Amino acid sequence: MAHDGRMTYDGEPGPDRFEATPQDAQIAQEITDFWELSRIQVGLDKLGIVVGHGVADTVPPPAWAFGDNPALADELLAAVLAGRKTATSSALPEYETTGDPVPVKGDLSILLDGSGHPRALIRTTSVETMAFDEVNEAFAFAEGEDDGSLESWRTEHRKYFSRVLGREVPDDLPVVCERFELRYPRLRQAAG
């Protein structure tokens with residue numbers, strides 16, 4: 001049973017956020033260190049060598065975890081790292097409630113595991129907002145969850161969105177459908 005959405009990590013406790021702990025400074029440093037390593041590994045530092053580094057080169061992109069609990073975050077992160085999950089969806093009202101910006105094509109994000117540790121760098125390749133009942137089979141399959149069917153996607157996401165929104169999910173609920181590519185760590189190629 002898997003679902004999407006985002007748990008952000010910003011050191012502030014609250015709904016859909018990790019609880020603040022005494023380890024916040026350590027995790028923040030892990031995120032910064034991960035950003036330094038991953039941006040070099042994917043070649044994002046090359047322009048800075050020529051024209052100098054700007055704020056965007058040194059400040060890590062948003063860091064977040066899938067879902068609304070640590071076990072779900074770990075499960076969905078594993079699907080990304082295995083190459084099965086290349087898309088995610090969130091109810092638009094979630095962004096309106098938290099004030100977080102809706103993702104746009106080209107955005108970078110650091111994916112966190114269920115303990116808040118950085119594990120992957122992704123780049124958003126497309127974003128489309130559509131009604132819940134307009135999500136199609138191809139998108140459901142790209143989310144890489146459950147059995148990959150649209151029926152399963154609708155069943156599990158209706159439960160998830162109801163839980164995080166605290167209300168029933170109408171068929172016309174606006175859903176932000178985001179596709180992404182894993183930039184770091186890269187999928188290992190099979191030897192052959």
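These numbers were taken from a predicted model, which means no experiment stands behind them.
Ser152 places no side-chain N or O within donor-acceptor distance of the main-chain N or O of Gly148, the cut-off being under 3.5 Å. Formation of a donor-acceptor pair under 3.5 Å by the His157 side chain with backbone atoms of Trp153 is found in this model. The closest donor-acceptor contact from the side chain of Lys105 to the backbone of Asp107 lies at 3.5 Å or more, if one exists at all. Under a 3.5 Å cut-off, the side chain of Asp74 and the backbone N or O of Ala71 do not form any donor-acceptor pair. In this structure, the side chain of Glu181 does not engage the main chain of Arg123 through any donor-acceptor pair within 3.5 Å. Not one N or O on the side chain of Arg39 forms a donor-acceptor pair closer than 3.5 Å with the backbone of Pro60. Panel note: side chain Thr125, backbone Arg179; a donor-acceptor pair is recorded below 3.5 Å.
In this structure, CZ on Arg163 lies 4.0 Å from CG on Asp68, to the nearest 0.5 angstrom. Going from atom CD1 of Ile27 over to atom CG of Asp33 covers 12.5 Å, rounded to the nearest 0.5 Å. Atom-to-atom distance recorded for Lys85:NZ and Leu182:CG is 12.5 Å, nearest 0.5 angstrom. Here Arg119 contributes atom CZ and Leu77 contributes atom CG; the two are 8.0 Å apart, rounded to the nearest 0.5 Å. One distance of note links OG1 of Thr97 with CG of Leu92; it measures 9.5 Å at 0.5 Å rounding. For the atom pair CD (Glu128) and CZ (Phe139), the distance works out to 9.0 Å, reported to the nearest 0.5 Å.
For the pair Glu137 and Ser149, the minimum side-chain heavy-atom distance is below 4.5 Å. Residues Thr124 and Ile122 fail the side-chain proximity criterion, which asks for heavy atoms closer than 4.5 Å. At a threshold of 4.5 Å between non-hydrogen side-chain atoms, the residues Pro103 and Phe180 do not count as touching. At least one side-chain heavy atom of Ser89 sits less than 4.5 Å from a side-chain heavy atom of Glu143. Looking only at side-chain heavy atoms (C-beta outward), Leu173 and Pro93 come within less than 4.5 Å of each other. Residues Trp35 and Pro61 have side chains in contact (heavy-atom distance under 4.5 Å, counting atoms from C-beta outward). No side-chain heavy atom of Leu112 sits less than 4.5 Å from a side-chain heavy atom of Phe34.
For Thr86, the side-chain contact (heavy atoms from CB on, under 4.5 Å) criterion is met by Ala142, not counting sequence neighbours. Every residue two or more places apart in sequence or in another chain was checked for a side chain to side chain donor-acceptor pair (under 3.5 Å) with Asn136, and none qualifies. Considering only residues two or more places apart in sequence or on other chains, Arg158 meets the side chain to side chain donor-acceptor pair (under 3.5 Å) condition with Asp171.
Nearest heavy atom pair, residue Phe132 against residue Pro170, reads CB-O, 3.9 Å. Closest approach of Pro185 to Ala120, counting heavy atoms only: CD-CA, 3.9 Å. Scanning both residues, Glu30 and His117, for their nearest heavy atoms gives OE1-ND1, 2.7 Å. Of all heavy-atom pairs between Ala91 and Leu165, the closest is CB-CD1, 3.9 Å.
Relative ring orientation between Trp64 and Phe66 is described as perpendicular, the plane-to-plane angle rising above 60° on a 0-90° scale split at 30° and 60°.
Within a 6.0 Å sphere centred on CD of Gln29, other residues, nucleotides and ligands contribute more than 12 heavy atoms.
Under a hydrophobic-cluster definition in which Ile, Leu, Val, Met, Phe, Trp and Tyr are linked whenever side-chain heavy atoms come within less than 4.5 Å, directly or via other members, Val80 and Phe141 are assigned to different clusters.
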Q: Apply side-chain contact (heavy atoms from CB on, under 4.5 Å) to Ser38 and Arg183, showing your working.
A: CA-CA 8 Å; Ser38 63; Arg183 298 295 309 269; over 6 Å; no
Q: Please lay out, stage by stage, how Leu76 and Thr88 fare under the test side-chain contact (heavy atoms from CB on, under 4.5 Å).
A: CA-CA 10 Å; Leu76 298 179; Thr88 189; over 6 Å; no
